[in-house]
Amino acid sequence: METLPPPAAFDLDAWVARSGALDLDTIPWAEVPDHPLPASAVRTLRYMQDIESHTIIYLRALLATRAIDDPEVATFLACWLHEETFHGMALARFLEAAGHPVAPRPQGRSREPLVKRIESAATAWLSRAWPDFCAVHMVWGAINELTTLTGYRRLIAVAGHPVLSELLRRINVDESRHFFFYYRQAEIRLRRPRVARVARVLVDRFWAPVGSGVQPDTEREFLGRYLFGGPDGRAAARKVDDTIRRLPGFASVKLLEAWMEPQGKSIKGERHEHRDD
Ligand SMILES: [Fe+2]
Ligand SMILES: [Fe+2]
């Protein structure tokens, strides 16, 4: 039997008190067309708008797992969906203001590809078979929220659009809180070495960057090059990996930087549209 000192409690009430819909009223939408927006930024925003709006589908898979048996996680998921939905709406509004309205999806979100349905069934099975399923869910969430948060910071730097920067800074207040929840929960749950070992195996085997299987691989790879290519992008990706490596049992995990490796090779000679200013 593992004996550990009791983990520090998570203050859910304080977390929930700060949850809410993004305030968009004070964004200067009319000024959006006054500033140039690089084509690569438009492509990135389309991807992210779709992923933010896809949260309800991620939630559908999670509702079939033990996540909803844990009162803290269930409460978090309700707030999370609410906030991510507003992120999707905010990015759609920005794209429209910039003259690039979001086209309707060719296929409804309820009609997921077979591979995603198999993934959801496997997740539900894992949750039934493994009582500590929430541990891997929390690590997974921490990686994806930190990637999103870092990606938006990079987009602020490379796109150089002042209204977009303001919008993304506001969205990132939420993304930071999402990351904090997942990361803190992961820290608590991974304190048991056996749980950490299983979670690590699952992340090593199955983790892929946010949006995998939802958007085409070509778009995901483009995003990787645009946001995490070049010295500043690489440094940002390394920081994501280093933060996750501080979780118990994850000291040597390979994530964003390793994923970027084949991309790095394939983009040699390509022109970058980076404006790190
Ligand atoms: Fe979001
Ligand atoms: Fe988020």
Side-chain angles (χ1 to χ4, degrees), residues 10 12 14-24 27 41-63 67 72-96 102 105 109 134 136-157 159 163-187 207-215 219-220 223-224 226-228 236-237 239-240 243-244 247 255-256:
F10 183 85
L12 186 69
W15 193 93
V16 170
R18 290 195 294 275
S19 174
L22 200 61
D23 175 16
L24 299 177
I27 295 284
V42 174
R43 195 168 163 186
T44 302
L45 286 166
R46 284 203 173 115
Y47 181 99
M48 290 312 297
Q49 197 279 332
D50 189 58
I51 298 310
E52 295 277 13
S53 308
H54 204 75
T55 306
I56 196 162
I57 301 299
Y58 296 129
L59 183 64
R60 180 175 65 179
L62 289 167
L63 292 179
E72 286 187 350
V73 176
T75 304
F76 164 78
L77 289 176
C79 298
W80 176 67
L81 173 66
H82 184 65
E83 294 177 4
E84 301 291 20
T85 301
F86 277 88
H87 298 173
M89 289 162 61
L91 295 184
R93 186 163 169 186
F94 178 87
L95 282 165
E96 180 150 15
V102 177
R105 278 189 131 231
R109 286 190 195 279
C134 279
V136 73
H137 170 201
M138 295 299 113
V139 180
W140 208 276
I143 300 168
N144 285 349
E145 294 290 346
L146 186 56
T147 307
T148 304
L149 172 66
T150 307
Y152 284 150
R153 280 192 192 135
R154 291 289 305 144
L155 186 55
I156 289 171
V163 183
L164 178 63
S165 299
E166 174 59 26
L167 177 61
L168 293 178
R169 271 192 283 271
R170 289 193 202 183
I171 289 178
N172 265 355
V173 172
D174 292 347
E175 305 298 9
S176 302
R177 286 175 32 263
H178 299 166
F179 166 68
F180 174 76
F181 177 89
Y182 281 122
Y183 194 82
R184 185 75 193 98
Q185 291 281 338
E187 272 180 329
W207 178 81
V210 63
S212 302
V214 177
Q215 281 275 315
E219 293 308 291
R220 192 185 58 176
L223 229 78
Y226 183 51
L227 298 179
F228 298 112
K239 211 168 153 193
V240 170
T243 304
I244 301 301
L247 286 172
L255 298 166
L256 267 189

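As the structure lists them, so they are numbered: ligands from 1, and atoms in each ligand from 1.
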- prompt: Is the ring centre of F86 less than 6.0 Å from the ring centre of H82?
  reply: yes
task: Measure up the F181 and F10 rings against each other and bin them: parallel (under 30°), tilted (30 to 60°), perpendicular (over 60°).
output: perpendicular
- prompt: Quick one: does W15's side chain have a donor or acceptor within less than 3.5 Å of a partner on R177's backbone?
  reply: yes
- request: Check the angle between the aromatic planes of F76 and W80 and answer parallel, tilted or perpendicular using the 30° and 60° thresholds.
  value: parallel
Between Q185 and H137, a side-chain donor and acceptor under 3.5 Å: no
- prompt: Any chance the side chains of W140 and E145 put a donor and an acceptor closer than 3.5 Å?
  reply: no
- prompt: Protein N/O/S atoms under 2.8 Å of the Fe ion (ligand 1)?
  reply: E52 OE1, E52 OE2, E84 OE1, H87 ND1, E175 OE2
message: Quick check: of its N, O or S atoms, which one does E145 have closest to the Fe ion (ligand 2)?
response: OE1
